[in-house]
Amino acid sequence: VYMKKAILIFLSLILILSCIGCAAEALPVRTEPTQTETASTPEETLEGGWNIPTDPQITPELQSLVDRAFEGLTGVSYSPVALLATQVVAGTNYRMLLRALPVLPDAVEVYAIGTIYQDLDGNVTLEDVQTTDVPTDLNDMPGGWAQADSAQVSSEARAAFDAAVEGLVGVDYQPVALAATQVAAGTNYAIVCQATVVYPDAEPYYAIVYVSADLEGQSQLLDIADLV
């Protein structure tokens with residue numbers, strides 16, 4: 001009798017354990033991350049992009065940067081016209097439109113684009129200067145081109161620009177600074193623009209867009225010179 005009871009108890013235990021095993025296999029698998037898993041990866045914040053300044057005017061501080069960056073450089077005389085862009089890195093990069101005049105008899109002054117770096121300790125380095133073949137034509141003579149009193153694109157210059165380039169396709173021109181003006185039966189404007197070909201992943205570049213506004217307020221596109 002005792003032997004039969006023991007056998008029955010043993011068989012009962014086996015049955016119970018089998019049921020528990022089946023139930024465990026039927027449990028759903030957990031899909032939530034554990035404490036050591038990462039549910040999502042935060043997006044990377046990109047820094048160091050170039051920014052167009054709201055005020056492209058050359059301040060005394062920027063003039064000082066140019067003086068220090070070109071100190072000791074011979075052969076060409078450089079003077080700043082406008083601040084085109086800034087880039088915050090471990091310090092700041094400054095991209096400027098410059099007037100470049102070779103120290104030679106009968107030399108022709110042209111536009112150049114220079115990049116100056118100032119580190120966090122105030123040290124200044126000339127990173128790059130690209131001289132173009134676009135003449136400034138600045139002579140400060142009556143009826144001639146003169147460097148603009150302010151590099152800020154005035155409302156009058158912007159209105160003339162918008163009307164002159166209306167309908168222009170293929171390249172998008174974004175005014176950045178006013179380089180020069182010329183009074184001639186109205187006013188001509190030399191406007192520095194960031195230009196981008198209307199094409200996926202096209203690299204922007206700089207160009208000077210020359211427009212005129214006559215005494216009746218009519219605007220006309222005179223020329224476009226790429227600063228490359």
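Computed from a prediction, not measured in an experiment: that's the story for all the values here.
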Could you give the side-chain donor-acceptor pairs of residues 184-210 under 3.5 Å, partners two or more places apart or in another chain?
{"residue": "N188", "atom": "ND2", "partner": "Q182", "partner atom": "OE1", "Å": "2.8"}
{"residue": "Y206", "atom": "OH", "partner": "R95", "partner atom": "NH1", "Å": "3.4"}

Side-chain donor-acceptor contacts of residues 170-179 below 3.5 Å, not counting sequence neighbours, with atom names and distances?
none

Pairs satisfying salt bridge (charged side-chain N to carboxylate O under 4.0 Å, His left out), at least one member in residues 141-165, at least two apart: R158-D162

Within residues 106-118 or reaching into it, pairs that qualify as salt bridge (charged side-chain N to carboxylate O under 4.0 Å, His left out) - sequence neighbours excluded: R99-E109

Results of ring pair (Phe, Tyr, Trp, His ring centres under 6.0 Å) for Y117 - residues two or more places apart only: none

For [X] against [Y], the heavy-atom pair lying closest together:
X	Y	result
V81	Q147	CA-NE2, 3.9 Å
V89	T92	CG2-N, 4.3 Å
Y111	T132	O-OG1, 2.7 Å
I58	Q63	CG2-N, 4.0 Å

Give every donor-acceptor pair under 3.5 Å between a side-chain atom in residues 211-228 and any protein atom, sequence neighbours left out.
{"residue": "D214", "atom": "OD1", "partner": "E216", "partner atom": "N", "Å": "2.9"}
{"residue": "D214", "atom": "OD1", "partner": "G217", "partner atom": "N", "Å": "2.9"}
{"residue": "D214", "atom": "OD1", "partner": "Q218", "partner atom": "N", "Å": "2.7"}

Whether Q118 side chain and V124 backbone form a donor-acceptor pair below 3.5 Å: no

Polar side-chain atom of D55 near backbone of Q57 as donor-acceptor pair, under 3.5 Å: yes

